[in-house]
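Read the structure below first, then the notes.
All of these numbers come straight from a predicted model, not from anything done at the bench. Just the heavy atoms: all of them, side chains too, but no hydrogens, waters or symmetry mates, feed the values below.
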Amino acid sequence: MTAPSLPLITPTPLRTALAVAGLGVLIFVVMDVTMKALGTRYPVPQIVATRFAGGCLLACLLAAIQQAGRLRPDTIRANSIRAVLSAISAITFFSALSILPIAEALTLTFLAPLFMALLAAAMLGERLNRTILAAIALGFAGVLVIVFEKLSEAGGAKVDVLGVMLALASACSYALQMVMMRQRAKSDRIAHMLIVQNGVAALVVGPVSLAFVTWLPMTPADWGLLGLCALLGTTAQYAMGWAYGRAPAARVGVMEYTALLWGGGLGYLVFHEIPTLATYTGAALIVGACVVASRRG
């Protein structure tokens with residue numbers, strides 16, 4: 001019995017992979033804003049489970065269009081672990097988002113690229129050269145500028161411990177599942193990865209949440225918003241899977257920092273929030289980190 005052939009990955013310029021990853025991050029932030037609005041009306045596990053179920057259906061449609069064929073057993077096994085991590089990351093992040101402002105929740109999850117680079121070095125053998133370390137340090141410095149301002153405003157005392165812990169848990173689980181995505185992105189079709197990731201996550205979150213949370217009836221308009229979230233989430237996952245299959249995880253991971261730029265812009269447009277000087281300073285450092293990461297070294 002012959003081994004299944006692996007999908008051919010066309011050589012891609014690093015900057016192209018980073019641009020696609022940046023687009024994926026932007027789409028994720030748009031989904032986050034929409035999910036936060038829904039989270040004010042429905043339990044977080046309800047909207048997360050429904051979003052994953054919709055994402056699974058869309059991934060099945062994508063697989064049919066691409067004629068991706070049948071799922072391989074090893075694809076199901078490997079990506080099921082990622083699916084559980086994805087469910088944990090989503091539940092903890094959207095729970096943090098229901099407690100903390102969007103900017104603060106996103107800021108704390110920006111620790112994910114740091115975890116990602118370290119995990120990629122440990123699990124994939126990727127080198128942490130000076131260019132990557134400089135990019136991580138520069139981006140992390142931008143995050144610290146904003147965190148310091150938030151702590152100063154709160155007097156360093158009034159910090160929501162639960163929200164912070166949830167955001168950090170989301171960052172850790174997200175980093176691990178994205179590194180695992182890079183492990184599989186070179187051998188699995190992205191559509192198959194998304195089917196397993198969304199389907200298993202929906203099966204994990206749905207039944208468990210029904211045992212502890214009372215689901216509420218949804219209006220047609222909110223069903224439409226959840227459908228939009230499923231489309232955005234699946235599109236963003238596809239973009240990130242495409243990028244991680246074509247560039248080192250440590251370099252692609254730095255693009256996560258651009259979420260601050262998108263979050264600041266959407267915060268102004270949707271919530272009329274005006275970024276502070278610290279936000280602009282942090283954003284400048286983060287953009288610098290992305291530029292450093294895109295250098296060939």
Side-chain angles (χ1 to χ4, degrees), residues 28 31-32 34-64 68 70-99 105 109 112 162-163 165-178 180-181 184 188-238 240-241:
F28 266 134
M31 184 195 72
D32 292 342
T34 309
M35 290 285 282
K36 181 177 175 66
L38 288 169
T40 62
R41 299 190 289 276
Y42 305 99
V44 170
Q46 176 181 348
I47 60 175
V48 169
T50 309
R51 204 286 284 173
F52 277 130
C56 181
L57 293 175
L58 289 171
C60 289
L61 177 61
L62 176 64
R70 294 183 178 181
L71 280 163
R72 303 200 313 269
D74 64 306
T75 298
I76 297 174
R77 286 194 301 269
N79 287 286
S80 291
I81 300 174
R82 283 189 53 249
V84 174
L85 290 169
S86 181
I88 294 172
S89 178
I91 288 290
T92 52
F93 176 71
F94 291 117
S95 296
L97 207 57
S98 67
I99 299 171
T109 58
L162 177 59
M165 294 296 291
L166 287 168
L168 291 178
S170 177
C172 290
S173 53
Y174 178 79
L176 180 55
Q177 70 108 349
M178 292 305 284
M180 292 176 69
M181 173 183 278
R184 300 299 305 183
D188 296 338
R189 290 184 178 274
I190 298 177
H192 286 168
M193 295 171 67
L194 295 181
I195 290 173
V196 178
Q197 179 176 345
N198 287 281
V200 173
L203 292 174
V204 169
V205 177
V208 172
S209 66
L210 283 171
F212 297 98
V213 178
T214 301
W215 284 31
L216 302 176
M218 301 184 65
T219 65
D222 287 339
W223 275 113
L225 286 177
L226 261 179
L228 175 63
C229 287
L231 177 61
L232 292 172
T234 305
T235 303
Q237 288 171 338
Y238 189 93
M240 297 304 287

| Chi angles and distances behind the side chain to side chain contact (heavy atoms under 4.5 Å, CB included) call for Leu71, Arg189 | CA-CA 9 Å; Leu71 280 163; Arg189 290 184 178 274; over 6 Å; no

| remark: CZ (Arg41) and CG (Leu225) are apart, to the nearest 0.5 Å, by 6.5 Å

| message | Would you compute the distance between atom CE of Met35 and atom CG of Leu226 and round it to the nearest 0.5 angstrom? | response | 6.5 Å

| Which value, rounded to the nearest 0.5 Å, describes the distance between Leu97 atom CG and Thr92 atom OG1? | 11.0 Å

| request: Output the distance between atom CD (Gln237) and atom CE (Met31), rounded to the nearest 0.5 Å. | output: 7.5 Å

| note | Closest non-hydrogen contact found for Ala63 with Ile195 is CB-CD1, 3.9 Å

| said: Could you report the tightest heavy-atom contact between Val213 and Pro45, atom names first, then the distance? | reply: CG2-CG, 4.1 Å

| task | Using modelled atom types only, decide if a donor and an acceptor are shared between the side chain of Thr234 and the backbone of Leu231 within a distance under 3.5 Å. | result | no

| request: Enter the distance from Asp74:CG to Asp188:CG here, rounded to the nearest 0.5 Å. | output: 6.0 Å

| For the student: nearest non-hydrogen atoms of Phe93 and Ser170, plus distance | CB-OG, 3.2 Å

| request: Go through Val200 and Val204 one step at a time and tell me if the side chain to side chain contact (heavy atoms under 4.5 Å, CB included) criterion holds. | output: CA-CA 6 Å; Val200 173; Val204 169; 4.2 Å; yes

| task | Without swapping roles, check the side chain of Ser80 against the backbone of Ile76 for a donor-acceptor pair under 3.5 Å. | result | yes

| field | Ala202 versus Ala53, closest heavy-atom pair with distance | value | CB-N, 3.7 Å

| task | For residues Leu176 and Arg82, determine if any side-chain heavy atom of one lies less than 4.5 Å from a side-chain heavy atom of the other. | result | no

| field | Taking every non-hydrogen atom, the tightest pair across Ala87 and Phe52 | value | CA-CE1, 4.0 Å

| Identified side-chain contact (heavy atoms from CB on, under 4.5 Å) partner of Leu38 from the options Val48, Asp222, Thr50 | Asp222

| task | To the nearest 0.5 Å, tell me how far Gln197 CD sits from Asn79 CG. | result | 7.5 Å

| Nearest heavy-atom neighbours spanning Ser95 and Leu166 | CB-CD1, 3.8 Å

| field | Side-chain donor or acceptor of Ser173 paired with backbone N/O of Ala169 under 3.5 Å | value | yes

